[in-house]
Amino acid sequence: QTALGGMRFHEDWRGAVAYLEQRYVPGDAVLVLHDNAAHAVRYYASKPLALTSLDAGPGQPPNPEKASGMTSAERIWLLAAYFEADDLPPVQRWLDASTHPVGQQWVPCVMVNQYVSNAAPAGGATTRAPLATFDGKLDLRDYRPLPPLDQPGAPWQIFLEWQASQALQ
């Protein structure tokens with residue numbers, strides 16, 4: 001529970017961590033904006049998570065540089081309480097530079113965002129011939145299924161990497 005401006009709010013960290021753990025796979029990175037959120041995630045986690053707090057100290061905005069070691073993760077999760085929205089812009093700029101969003105879920109008062117790295121997966125997929133070419137102008141360079149794939153009836157998300165070989169109209 002959080003008190004802010006004389007009002008009390010209840011963040012469902014238990015529900016947010018349960019949602020995350022259902023989709024988390026080893027190698028994923030988990031970010032939170034402040035140490036208080038990190039304590040809540042650790043408290044409710046039933047398995048080890050690669051968790052990093054971006055907390056920069058009292059009265060300071062989160063420091064994305066604290067996550068610099070996580071750029072090798074293919075998937076990154078960001079958990080933030082709704083009242084932390086003002087602290088998101090520097091973190092969002094950092095994430096926008098190296099990832100793209102693939103999902104957002106709100107658990108009462110807690111946002112859980114999923115991002116996929118823009119980096120090529122191990123194996124150097126960008127050096128091979130296109131998997132398919134469309135109209136001689138657009139090449140399909142790579143594709144990756146995005147976990148989780150274990151939920152029957154759930155939509156299946158696939159990351160597609162495209163490259164234009166000439167200007168598209």
Enquirer: When the side chains of residues 35-45 are checked against the rest of the protein, which donor-acceptor pairs come out under 3.5 Å, sequence neighbours left out?
Expert:
unit_1 : atom_1 : unit_2 : atom_2 : d
D35    : OD1    : S53    : OG     : 2.6

Enquirer: Counting N and O atoms only, with roles assigned by atom type, does the side chain of E74 sit under 3.5 Å from a partner on the main chain of G27, one being a donor and the other an acceptor?
Expert: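 Looks like no, no N/O pair under 3.5 Å.
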Enquirer: Do the side chains of L31 and W94 get nearer than 4.5 Å, heavy atoms only?
Expert: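 Touching, per the 4.5 Å side-chain cut-off.
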Enquirer: Just jot down the salt bridge (charged side-chain N to carboxylate O under 4.0 Å, His left out) partners of D55, sequence neighbours excluded, or say none.
Expert: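 Testing D55 for salt bridge (charged side-chain N to carboxylate O under 4.0 Å, His left out), a comparison that skips the adjacent residues, returns none.
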Enquirer: Test of understanding: with side chain to side chain contact (heavy atoms under 4.5 Å, CB included), list the residues that count as partners of D12, not counting sequence neighbours.
Expert: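 D12 satisfies side chain to side chain contact (heavy atoms under 4.5 Å, CB included) with R14, V107, P108 once adjacent residues are dropped.
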Enquirer: Could you tell me which non-hydrogen atom of L79 sits nearest to which non-hydrogen atom of A16, and how far apart they are?
Expert: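 The pair with the smallest heavy-atom distance is CD2-CB, 4.3 Å.
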Enquirer: On a heavy-atom basis, which atom in H34 and which in E84 lie closest, and how many Å separate them?
Expert: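 Heavy atoms of H34 and E84 come nearest at CD2-OE2, 2.8 Å.
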Enquirer: Please name all residues satisfying side chain to side chain donor-acceptor pair (under 3.5 Å) with S165, sequence neighbours left out, ordered by chain then number.
Expert: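 Per chain and number, S165 pairs via side chain to side chain donor-acceptor pair (under 3.5 Å) with no residue.
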Enquirer: For D87 and P62, work out which heavy atoms get closest and say how close.
Expert: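 It is CB-CD, 3.4 Å.
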Enquirer: Could you work out, with side chain to side chain donor-acceptor pair (under 3.5 Å) as the rule, every residue matching Q105, not counting sequence neighbours?
Expert: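 Once residues adjacent in sequence are excluded, Q105 has no partner under the side chain to side chain donor-acceptor pair (under 3.5 Å) criterion.
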Enquirer: With W106, which residues qualify under ring pair (Phe, Tyr, Trp, His ring centres under 6.0 Å), at least two apart?
Expert: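 If we apply the ring pair (Phe, Tyr, Trp, His ring centres under 6.0 Å) test to W106, skipping adjacent residues, there are no hits.
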Enquirer: What's the spacing between L78 CG and L54 CG if we round to 0.5 Å?
Expert: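 So the gap between those two atoms works out to 7.5 Å.
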